[in-house]
Amino acid sequence: MERKNYVVAVDLGSSNVAVAVAIKHDDGGLELKSVVSKPLPAESVTAGQIYNHEQASQAIIAACTEAGEAAGIRITEAYAGISGEFVRCARHTDYVFVKNPQLGVAEEDVQSLFGRMYNLQAPEKELIMAQIPQNYVVDDNQEVQNPIGSFGRKLSSTFNFVLCHTTPMERLSMALKRANVEVAQIIPNSLAVAEAVLSPDEKEEGVALVDIGAGVTDVTIYHHNVVRYVASIPIGAAAINQDIGTLGVPTRFIESLKQQYGSAVAETASETKLVRVPGRTAREAREILLRNLATVIEARAMDIIDFVKEEIRISGYAGKLGYGIVLTGGSANLKELDELFRRTTQMEVRVAIPEFGITEESAALAADPQYAAVVGLLVKGAAMSLGGTAYVPLPPKPQQQPTPQPQAQPQPAPQVVQQAAPKAEPAPQRPATPVTPQPAAQPTPKPAPQAAPQPAPQPAPQPQAQPQQQAPATTQDEEEQPEVKPSRGNGFKSWLKKITEGFETVGDEEI
């Protein structure tokens with residue numbers, strides 16, 4: 001096992017598992033070698049929590065194998081992200097008395113204050129994942145950015161602690177180990193995503209980063225270059241898909257229907273166009289009015305926005321976000337979702353893709369909001385490690401003779417949708433907030449399968465015609481579209497200078 005400059009990250013979401021491999025250059029930049037996403041079986045992971053280790057580990061194995069082969073290595077260690085309502089933040093304020101008030105606050109006084117914070121114990125069944133200093137106050141009335149040299153008798157500070165329940169972390173570690181991948185460190189997604197999608201100006205002037213996944217929506221507030229607040233909302237795009245299913249759309253067509261024809265703003269959808277999708281049986285076919293589809297999507301998207309607005313209000317920074325809201329995550333691709341956020345919050349909104357911390361040449365591999373978390377984990381992990389993660393080089397593959405491809409058969413043209421009848425279907429009522437599903441019984445763990453050796457090339461079999469999967473038809477007048485511990489810096493002075501840039505007073509809240 002070698003330890004070189006490779007960095008690997010695994011993001012286990014509620015609907016997909018993403019794996020990314022990068023090479024860390026001497027200047028700190030990351031060159032992406034591969035980014036792979038594999039679907040997860042339904043209900044194996046719900047709202048960020050694993051409920052079926054066997055299914056989760058099999059998906060991890062598939063994603064790691066493909067990503068490793070593309071990079072020429074076998075993955076044996078990775079940084080992993082975690083997200084869910086079991087991740088929360090809490091504030092704690094503490095103080096120390098200055099040893100020599102006549103000479104002012106010294107470095108040892110600040111170090112003593114940090115020591116008290118790091119010795120703080122987490123509540124039962126929770127683990128402290130990060131401690132983030134928010135401000136410094138001298139003698140209870142004078143807030144300073146850098147306390148060293150200030151005159152006073154007492155030095156106090158408020159820290160923001162990011163906490164996580166131990167059970168989800170243990171399940172995540174177990175799933176990775178069953179896939180023969182050791183955990184380098186588990187990192188909260190809410191802290192990692194910002195490293196890949198937020199600019200320095202956005203962090204300084206204030207921004208709310210909203211990462212919308214399938215089962216979880218993460219909210220992270222930055223102001224004056226400091227993480228001020230994090231929260232995980234147990235609702236995401238899966239709730240939208242569930243509501244679309246009430247229109248009679250088969251599960252396997254819901255996601256493509258939503259992405260191709262859906263809209264988060266109902267008034268932008270046509271009132272006269274229909275889209276035809278296969279029914280629940282072979283003889284059924286349903287025609288759905290585009291306005292009705294958009295109405296269902298908008299209703300559930302409004303629920304997500306209401307939760308986000310409430311978290312921003314609770315943070316206390318609602319009026320201090322100069323750069324508004326940044327949307328990312330796989331569900332940020334939904335048409336008009338940014339416009340719905342903009343209308344509802346009256347704030348500036350943009351959709352972000354990973355672009356910071358990676359080389360410009362390799363950014364095209366991850367030019368999609370769905371890869372924000374896994375690339376952010378790469379950037380965060382590379383900054384925390386002195387070298388890279390462990391891996392095993394793969395032997396070169398034998399050259400295979402090209403297999404002749406079968407001739408493309410002409411496919412029947414999809415049926416053109418009909419014009420809607422004058423009397424449109426009534427718009428559905430706004431669905432209620434979903435109830436978090438109860439955990440399912442865990443199956444008996446099975447040993448993870450070992451990677452099979454590369455088979456020798458065999459003669460290609462005769463091509464056979466494959467059945468074509470029926471997809472949603474095009475609309476009228478449209479063309480067919482094809483144990484974790486926070487690490488400290490090497491030097492206390494440089495680390496202190498970095499974290500003390502631009503603090504602001506916050507209220508006290510005990511853990």
Side-chain angles (χ1 to χ4, degrees), residues 4-13 15-38 63-64 66-73 75 78-81 83 184 187-205 207-214 218 220 222 225 259 323-335 337-338 348-385 387-389 391:
K4 291 188 177 180
N5 55 350
Y6 279 94
V7 183
V8 182
V10 176
D11 173 36
L12 185 64
S15 63
N16 295 277
V17 55
V19 177
V21 181
I23 294 180
K24 182 179 179 181
H25 294 305
D26 294 338
D27 59 0
L30 292 176
E31 178 185 352
L32 291 178
K33 305 302 292 184
S34 62
V35 181
V36 173
S37 178
K38 292 292 183 181
C64 286
E66 184 174 330
E69 288 179 351
I73 63 173
I75 297 171
Y79 292 94
S83 180
I187 304 171
N189 280 6
S190 53
L191 300 182
V193 175
E195 302 302 317
V197 301
L198 292 185
S199 68
D201 287 344
E202 288 172 329
K203 293 180 181 179
E204 176 64 28
E205 298 298 329
V207 69
L209 175 62
V210 181
D211 180 12
I212 307 177
D218 286 330
T220 308
Y222 269 86
N225 206 34
Q259 294 295 338
Y323 276 85
I325 295 174
V326 171
L327 298 178
T328 193
S331 300
N333 286 320
L334 180 60
K335 183 181 178 182
L337 182 61
D338 56 337
E348 291 296 325
V349 181
R350 77 174 180 94
V351 178
I353 62 174
E355 55 181 322
F356 299 99
I358 56 178
T359 61
E360 186 175 346
E361 296 76 16
S362 62
L365 281 175
D368 194 297
Q370 67 173 320
Y371 297 128
V374 72
V375 175
L377 291 169
L378 278 179
V379 178
K380 191 77 171 177
M384 296 168 62
S385 64
T389 50
Y391 70 97

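Applying the side-chain contact (heavy atoms from CB on, under 4.5 Å) criterion to E205, with sequence neighbours excluded, gives Y323. Residues forming a side chain to side chain donor-acceptor pair (under 3.5 Å) with S362 (at least two apart in sequence, or on another chain): T359.
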Which atom pairs, one a donor and one an acceptor, fall under 3.5 Å between side chains of residues 366-381 and the rest of the protein, sequence neighbours left out?
| residue | atom | partner | partner atom | Å |
| --- | --- | --- | --- | --- |
| D368 | OD1 | N333 | ND2 | 3.2 |
| D368 | OD1 | Q370 | N | 3.0 |

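At least one side-chain heavy atom of Y6 sits less than 4.5 Å from a side-chain heavy atom of V21. Using a 4.5 Å cut-off on side-chain heavy atoms (C-beta onward), V349 and L327 make contact. Side-chain atoms of L209 and V197, non-hydrogen and from C-beta on, do get closer than 4.5 Å to each other. A heavy-atom distance below 4.5 Å is not found between the side chains of Y79 and V8. Inter-residue side-chain proximity for I187 and M384 is flagged as met; some heavy-atom pair is nearer than 4.5 Å.
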Practice item. Dump the intermediate steps for side chain to side chain contact (heavy atoms under 4.5 Å, CB included) on Y222 and T220, then the final yes or no. Key: CA-CA 7 Å; Y222 269 86; T220 308; 3.9 Å; yes
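Under 3.5 Å, the side chains of N189 and D11 contain a donor-acceptor pair of N or O atoms. A donor atom on one side chain and an acceptor atom on the other are found under 3.5 Å apart for S83 and D218.
S37 places no side-chain N or O within 3.5 Å of a backbone atom of A18 that could act as its donor or acceptor partner. Remark: the backbone N or O of A382 is paired with a side-chain donor or acceptor of K24 at under 3.5 angstrom. Listed for the E66 side chain is no donor-acceptor partner under 3.5 Å among the backbone atoms of A63.
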